[in-house]
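See structure below.
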Amino acid sequence: MFTLPENTLMIQQAAKEFVEEYQIIETSMKRDHTHEFPTEIVKALGENGFMGMFIPEEYGGMGLSVLDYVVALEEICYADAGVGVIMSVNNSLVCWPILKFGSEEQKQKYLAPLASGEKLGCYALTEPNAGSDAGSQQTKYTEQDGQYVLNGTKIWITNGPQADICVTYANKDVSLRHRGVSAFVFETSTPGFSVGKVEEKLGIACSGTSELVYDNMVLDADNMMHVKDKGFAVAMATLDGGRVGIAAQALGIAQRALDLAISHAKQREQFGKPIATKQAIQWMIADMATKIESARLLTWKAATIKDQEMAGTCELSREEISRACSMAKLAASECANFCADKALQIHGGYGYSKEYEVERLYRDARITTLYEGTSEIQRVVISASLLK
Ligand code: CAA
């Protein structure tokens, strides 16, 4: 029988117990209404090793695999996808690029506080004119006496209002497009940094999303990550892994929608019988379950590939790795929207009420086909690797 490794099953169980201990399902509706950032839960996620799961122990992490991470993340997102995205960004978009591309000094400085939850990270790539066209980075950096001066605005940054550490990108010459881009990691206490407009969103309400403004923000030479002018490759490689995290988030939403739909269909009676006896409902349940199972296998496959890549044992090309990650995200995010929609349909009018969790799932699912690359961008990545 196909099954997860024993250790991964233990991590999955630990994540389920965490959800139970901190009553994340029970409190999810309240956070959706208040939009309150879950400070205590994030602190506890850090204390329990969920904020830097694949960071090696020598840098203060758990030394687990990406597969362990996606399985745990699905459980957290099953309970509350808003909490889950905070964890996802910290792990995939901040810890991972520092681990992969950071200098030894950067790893020593940033990874332990990020992994313990003492500090929170954000990843700032998107700009008003650089959304799907991420290579069109307008945030500019100039070099002055061995330092870098950054000016520009980033938008839609998850964890932006709360972050202590930021991985970001700036261009030395916008006419060079992605070839002038470098990656930086810095503390948000740096003078010249400020949080701009905080967004009111359709879903994942408890996570913070904002503009970030760099106004003559001076960074030292050792804030630059990787190699000068090679920052776009850092951004893209990081997003490959981030997309696997969002796939896990989408799976959590989809599975919760399916479980709620099944439970409602069994207890809601119409025409003298539970609606679960109707073929119209049965087919929706069957389609939901099949889509979840397929997307989950793609997600586990992509996570395993990312583990092999990190271990240096992956025989796939860069394009094939990107394809696997994009396929997982495309399938899982479309599946989350499908399942949330069908779960709401099965709930009928109740599903449209804010008293019912499926109403929130419907809104939470919507972001998954947008951030970390829209479904259309995933199709661009997948087809480019096939048609090359
Ligand atoms: N790894 C390493 N390098 C990569 C790469 C990868 N996965 N993908 C591309 N590259 C390299 C290419 O090899 C190429 O290198 P050379 O210049 O040396 O040839 C370079 O990057 C440019 O590649 P492309 O020509 O393919 O780039 P493009 O301009 O056509 O863009 C794209 C490709 C796929 C559309 C890309 O821009 C993209 O992914 N867009 C979507 C952006 C996105 O996902 N944004 C999400 C924001 S983050 C977010 O949402 C976070 C949050 O807060 C939750």
Side-chain angles (χ1 to χ4, degrees), residues 73 77 81-82 84-94 96-97 100-101 120-137 139 154-163 166-169 171 174 176-183 198-199 201 203-204 207-212 226-227 229-250 302 305-306 309 314 316-327 329-330 333 364 366-385 387-388:
L73 183 58
C77 294
V85 73
I86 300 166
M87 170 180 159
S88 170
V89 166
N90 203 72
N91 276 276
S92 302
L93 297 187
V94 186
W96 191 85
K100 173 88 177 161
F101 297 105
L120 186 67
C122 71
Y123 172 93
L125 176 70
T126 304
E127 299 179 358
N129 290 312
S132 288
D133 183 9
S136 179
Q137 293 285 302
T139 291
K154 301 289 179 178
I155 58 168
W156 304 115
I157 307 306
T158 305
N159 292 350
Q162 295 82 19
C166 178
V167 169
T168 199
Y169 302 89
N171 211 333
V174 297
L176 294 173
R177 284 187 47 92
H178 74 269
R179 294 206 165 85
V181 172
S182 292
V198 177
E199 301 295 340
K201 311 184 294 286
I204 55 165
S207 66
T209 308
S210 71
E211 229 176 36
L212 302 181
H226 193 46
V227 176
D229 301 339
K230 298 287 179 200
F232 193 67
V234 174
M236 291 295 108
T238 302
L239 279 173
D240 282 343
R243 288 166 183 165
V244 188
I246 299 307
Q249 181 196 34
I305 289 171
K306 289 303 282 181
E309 184 195 19
C314 183
L316 299 177
S317 66
R318 201 277 294 153
E319 287 79 5
E320 287 168 329
I321 296 173
S322 299
R323 181 166 82 210
C325 298
S326 285
M327 280 183 171
K329 193 205 180 242
L330 176 63
S333 61
D364 284 354
R366 197 63 192 81
I367 187 63
T368 63
T369 58
L370 300 171
Y371 60 14
E372 303 203 26
T374 59
S375 287
E376 291 69 30
I377 289 297
Q378 306 316 318
R379 291 184 176 99
V380 166
V381 173
I382 294 163
S383 59
S385 79
L387 298 169
K388 201 175 164 209

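Each ligand, and each atom within it, is numbered from 1 in the order the structure gives. From a predicted model like this one, the values you see are computed outputs, not experimental measurements.
- Nearest to atom 27 (O) of ligand 1 among the protein's heavy atoms is Phe232 CE2, 3.9 Å.
- Of the candidates Glu320, Arg323, Glu319, Ser385 forms a side-chain hydrogen bond (donor to acceptor under 3.5 Å, both in side chains) with just one, namely Arg323.
- For the pair Thr158 and Cys122, the tightest heavy-atom approach, listed with the atom from each and the gap, is O-CB, 3.4 Å.
- In this structure, atom 36 (C) of ligand 1 lies nearest to the protein heavy atom Met236 SD, 3.6 Å.
- Annotation: Thr158 places an N or O atom under 3.5 Å from an N or O atom of ligand 1; distance criterion only.
- Inside a 4.0 Å radius of atom 33 (C) of ligand 1 there is not any protein heavy atom.
- The shortest N or O to N or O distance between Asp240 and ligand 1 is under 3.5 Å.
- Look at Lys154 and Glu127 and you find a salt bridge, because one of the NZ, NE, NH1 or NH2 atoms lies within 4.0 Å of a carboxylate O, short of that distance.
- In summary, the atoms of ligand 1 found under 4.0 Å from a heavy atom of Trp156, numbered by their order in the structure, are 53 (O).
- Residue contacts with ligand 1 for Glu319 are absent, since no atom lies close enough (heavy atoms, distance under 4.0 Å).
- Residue Arg243 holds the heavy atom nearest to atom 39 (O) of ligand 1 of all those in Gln378, Glu372, Arg243.
- In this structure, Gln249 contributes its side chain and Gly84 its backbone to no donor-acceptor pair below 3.5 Å.
- The protein reaches atom 13 (O) of ligand 1 closely, with a heavy atom under 4.0 angstrom from it.
- Within the cation-pi definition used here (under 6.0 Å to the ring centroid, within 45° of the axis), Lys201 does not qualify as a partner of Trp156.
- The distance criterion of under 3.5 Å between nitrogen or oxygen atoms is met by Ser322 with respect to ligand 1.
- Annotation for ligand 1: atoms under 4.0 Å from non-hydrogen atoms of Ala237 are 1 (N), 6 (C), 7 (N).
- The closest approach between Cys122 and ligand 1 stays at or above 4.0 Å for every heavy atom of the residue.
- Residue contacts with ligand 1 include Leu93, since one of its heavy atoms falls under 4.0 Å from the ligand.
- A side-chain donor-acceptor contact under 3.5 Å links Arg318 and Ser322.
- The closest protein non-hydrogen atom to atom 47 (C) of ligand 1 is Thr126 OG1, 3.2 Å.
- Proximity of a side-chain donor or acceptor of Lys329 to a complementary backbone N or O of Thr368 within less than 3.5 Å is detected.
- With respect to atom 11 (C) of ligand 1, the closest heavy atom belonging to the protein is Arg318 NH2, 4.3 Å.
- The protein non-hydrogen atom at the shortest distance from atom 42 (C) of ligand 1 is Gly131 O, 3.6 Å.
- One side chain, Ser326 or Gln378, offers a donor N or O that lies under 3.5 Å from an acceptor on the other.
- For the pair Ile377 and ligand 1, the shortest N or O to N or O distance does not fall below 3.5 Å.
- The contact set between ligand 1 and Arg177, taken as ligand atoms under 4.0 Å from a residue heavy atom, comprises 29 (O).
- Here the side chain of Asp229 pairs no donor or acceptor atom with the backbone of Val181 at under 3.5 angstrom.
- For Tyr169 (side chain) and Thr126 (main-chain N/O), no donor-acceptor pair under 3.5 Å exists by modelled atom type.
- Taking the six-membered ring for Trp and thresholds of 30 and 60 degrees, Phe101 and His226 have ring planes more than 60 degrees apart, a perpendicular arrangement.
- Ranking protein heavy atoms by distance to atom 18 (O) of ligand 1, first place goes to Arg179 NH2, 4.4 Å.
- Under the 4.0 angstrom criterion, atom 29 (O) of ligand 1 counts as having a protein heavy-atom contact.
- Remark: the backbone N or O of Val89 is not paired with any side-chain donor or acceptor of Ser92 at under 3.5 angstrom.
- Between atom 45 (N) of ligand 1 and the options Thr209, Ile246, Ile204, Leu239, the minimum heavy-atom separation is to Leu239.
- For Arg366 (side chain) and Gly203 (main-chain N/O), no donor-acceptor pair under 3.5 Å exists by modelled atom type.
- With hydrogens left out, the protein atom closest to atom 15 (O) of ligand 1 is His178 NE2, 4.2 Å, a heavy atom.
- Considering only non-hydrogen protein atoms, atom 37 (O) of ligand 1 sits nearest to Ser132 O, 3.4 Å.
- Side-chain contact between Arg243 and Ile377 is present, with at least one heavy-atom pair separated by less than 4.5 Å.
- Of all atoms in ligand 1, listed by their number and element, those nearer than 4.0 Å to a heavy atom of Ala134 are 37 (O), 42 (C).
- With 3.5 Å as the limit, one finds no donor-acceptor pair spanning the side chains of Ser136 and Asn129.
- Residue contacts with ligand 1: Val381 is included, with a non-hydrogen atom under 4.0 Å away.
- Which parts of ligand 1 touch Tyr371 is read off a 4.0 Å heavy-atom cut-off, strictly below it: atoms 50 (O), 54 (C).
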